[in-house]
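What you see is a predicted model, and the numbers here were worked out from it, not measured in a lab. First the proteins, then the strands, lettered A, B, ... as listed; each starts at 1.
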Number of protein chains: 2
Amino acid sequence: MNIGQVSKATGVSQRMIRHYEGIGLMPSPDRRDNGYRDYPSRSVERLRFIANARDLGFSVDEIGALLSLWDDRERASSEVKAIALVHAEELARKAAALEAMRGTLLELVAGCSGDARPDCPILAGLAEERQRSPQELTVAHRRPKEVM
Amino acid sequence: MNIGQVSKATGVSQRMIRHYEGIGLMPSPDRRDNGYRDYPSRSVERLRFIANARDLGFSVDEIGALLSLWDDRERASSEVKAIALVHAEELARKAAALEAMRGTLLELVAGCSGDARPDCPILAGLAEERQRSPQELTVAHRRPKEVM
DNA sequence: ATTGACCCTGACATGATGTGAAGGTCCATG
DNA sequence: CATGGACCTTCACATCATGTCAGGGTCAAT
């Protein structure tokens with residue numbers, strides 16, 4: 001299969017298919033005499049795997065780990081489950097962080113008359129010194145596609 | 001004040017202070033004869049404003065809008081409130097998206113025995129074709145610091 | 001042979017932020 | 001005065017996933 005066909009079959013852009021090859025998530029396919037990439041139909045499945053995992057917010061590293069487990073017919077399903085559960089917690093943590101932001105913002109909003117007068121506790125609150133969220137508690141991570 | 005003092009007073013890195021100047025969120029300060037930036041103490045307040053707004057997940061554009069409202073002594077507080085409420089909804093939407101991912105993932109997890117056997121519905125589920133999340137419904141946006 | 005659809009590589013852009021280099025300045029101490 | 005350390009300057013590169021564009025080759029059908 002040519003890259004265009006694979007792209008259509010999976011919904012993954014040609015750009016990203018090549019990118020996944022570059023970063024090692026997809027194996028380098030054979031090349032035809034003209035230099036075109038020639039994919040086995042198996043590649044469609046693997047790309048779907050990657051795309052689905054990305055849609056679920058897994059990082060590239062996590063996807064790599066899942067793929068090597070996928071490639072390993074002998075691995076225990078508990079290994080997979082462990083990764084999935086860690087990731088689920090991470091998702092919960094991030095969702096909670098967003099909700100916390102929202103809560104803080106709504107507190108500010110609650111004090112604001114929202115009429116034609118110019119005084120506004122939202123702006124006043126933003127200008128105040130406040131404890132910055134301590135980075136030690138957070139894990140920098142990738143942003144799930146389209147969510148942020 | 002030198003940039004180092006401002007940085008310490010606000011917790012914003014020198015790098016980012018210069019960056020905010022570059023993108024127009026902070027006005028270009030006077031320069032001393034030696035070329036050093038010389039900040040009025042007022043800048044500390046403005047930088048705190050920016051930092052707090054960032055911590056609440058506002059985009060640079062939104063912060064710019066809030067700052068110009070802040071600079072405008074005559075503006076109605078309703079304008080500020082409107083921006084804040086739109087942003088609060090956005091935060092809620094993103095949090096919900098993360099929770100939805102988590103739900104999908106936990107569905108897969110639920111089917112997995114998590115023992116030493118190799119068959120795993122999580123991996124099988126990831127390899128399956130499924131509807132990709134439709135982008136039309138989502139708004140590409142910035143990632144709140146440290147959350148993602 | 002031309003045309004349109006396909007493929008190739010490589011490069012630039014996004015956005016917030018860090019890091020590092022290369023160089024000037026200021027001040028305190030010897 | 002000289003030296004060192006702490007400070008400042010600008011510029012550039014890296015991150016990460018993704019898009020897009022440019023310049024150039026290929027294939028298939030007319």
A.B. asks: In whole angstrom, what separates B:Ile23's CD1 from C:dT14's P?
C.D. replies: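 From B:Ile23 CD1 to C:dT14 P: 12 Å.
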
A.B. asks: Rounded to whole Å, how long is the line connecting atom CZ of B:Arg18 with atom C1' of D:dT9?
C.D. replies: 7 Å

A.B. asks: Let's see if you can work this out: which of D:dT9, C:dC7, D:dC8 has an atom nearest to the side-chain heavy atoms of B:Asn2?
C.D. replies: D:dC8

A.B. asks: With a 4.0 Å cutoff (strictly under), does any side-chain N or O of A:Arg31 reach OP1 or OP2 of C:dT9?
C.D. replies: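 A:Arg31 to C:dT9 OP1/OP2: side-chain N or O found under 4.0 Å.
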
A.B. asks: Find the distance between NZ (A:Lys81) and CG (B:Asp115) and round it off to the nearest 0.5 Å.
C.D. replies: 8.5 Å

A.B. asks: Rounded to whole angstrom units, what separation is found between the CG atom of A:Asp55 and the C1' atom of D:dA17?
C.D. replies: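 So the CG-C1' distance, A:Asp55 to D:dA17, works out to 13 Å.
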
A.B. asks: Of the nucleotides C:dT17, D:dT18, D:dT26, which one has an atom closest to the side chain of A:Tyr20?
C.D. replies: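 For A:Tyr20, the side-chain atoms sit closest to D:dT18.
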
A.B. asks: Figure out the CZ/P separation between B:Arg37 and C:dG24, and round it to whole Å.
C.D. replies: 18 Å

A.B. asks: Look at the side-chain N and O atoms of B:Ser13 and state whether any lies under 4.0 Å from the OP1 or OP2 oxygen of C:dT17.
C.D. replies: no

A.B. asks: In whole angstrom, give the distance that lies between atom CD of A:Glu62 and atom C1' of D:dC16.
C.D. replies: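 To the nearest whole Å, that distance equals 15 Å.
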
A.B. asks: Whether the side chain of A:Asp38 engages the backbone of A:Met1 through a donor-acceptor N/O pair (distance < 3.5 Å, no angle test) should be reported.
C.D. replies: yes

A.B. asks: How many whole angstroms separate atom CG of A:Asn34 from atom C1' of C:dT9?
C.D. replies: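 Distance, rounded to whole Å: 14 Å.
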
A.B. asks: Heavy-atom nearest nucleotide on DNA chain D for A:Asp61 versus B:Gln5: which residue maps closer to 5'?
C.D. replies: B:Gln5

A.B. asks: I want to verify a distance call: between D:dC27, C:dA16, D:dG19, whose nearest atom is closest to the B:Val60 side chain?
C.D. replies: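 From the listed options, C:dA16 comes nearest.
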
A.B. asks: Could you work out which one of D:dC27, C:dC7, C:dA16 sits closest to the side chain of B:His19?
C.D. replies: C:dA16

A.B. asks: Should A:Glu99 and A:Arg102 count as an ion pair when the cut-off is N to O under 4.0 Å?
C.D. replies: yes

A.B. asks: Give a yes or no on whether a donor-acceptor pair under 3.5 Å exists between the nucleobase atoms of C:dT19, that is its base, and the side chain of B:Arg15.
C.D. replies: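 Such a pair exists between side chain and base.
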
A.B. asks: Ion pair present between B:Arg42 and B:Glu45, side-chain N to carboxylate O less than 4.0 angstrom?
C.D. replies: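 B:Glu45 and B:Arg42: not salt-bridged.
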
A.B. asks: Counting side-chain heavy atoms from C-beta on, which of D:dG19, D:dT26, D:dC8 comes nearest to B:Tyr36?
C.D. replies: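 Given the options D:dG19, D:dT26, D:dC8, the side chain of B:Tyr36 is closest to D:dC8.
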
A.B. asks: D:dT26 C1' sits how many Å from A:Arg32 CZ, rounded?
C.D. replies: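 A:Arg32 atom CZ is separated from D:dT26 atom C1' by 12 Å.
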
A.B. asks: For A:Asn2, run the side chain to side chain donor-acceptor pair (under 3.5 Å) check against A:Arg37, A:Gln14, A:Arg32 and tell me which one passes.
C.D. replies: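 In the set A:Arg37, A:Gln14, A:Arg32, the residue that makes a side chain to side chain donor-acceptor pair (under 3.5 Å) with A:Asn2 is A:Arg32.
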
A.B. asks: Using whole Å, what does the distance between atom P of nucleotide D:dA17 and atom CZ of A:Phe58 come to?
C.D. replies: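 It is 15 Å, rounded to the nearest whole Å.
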
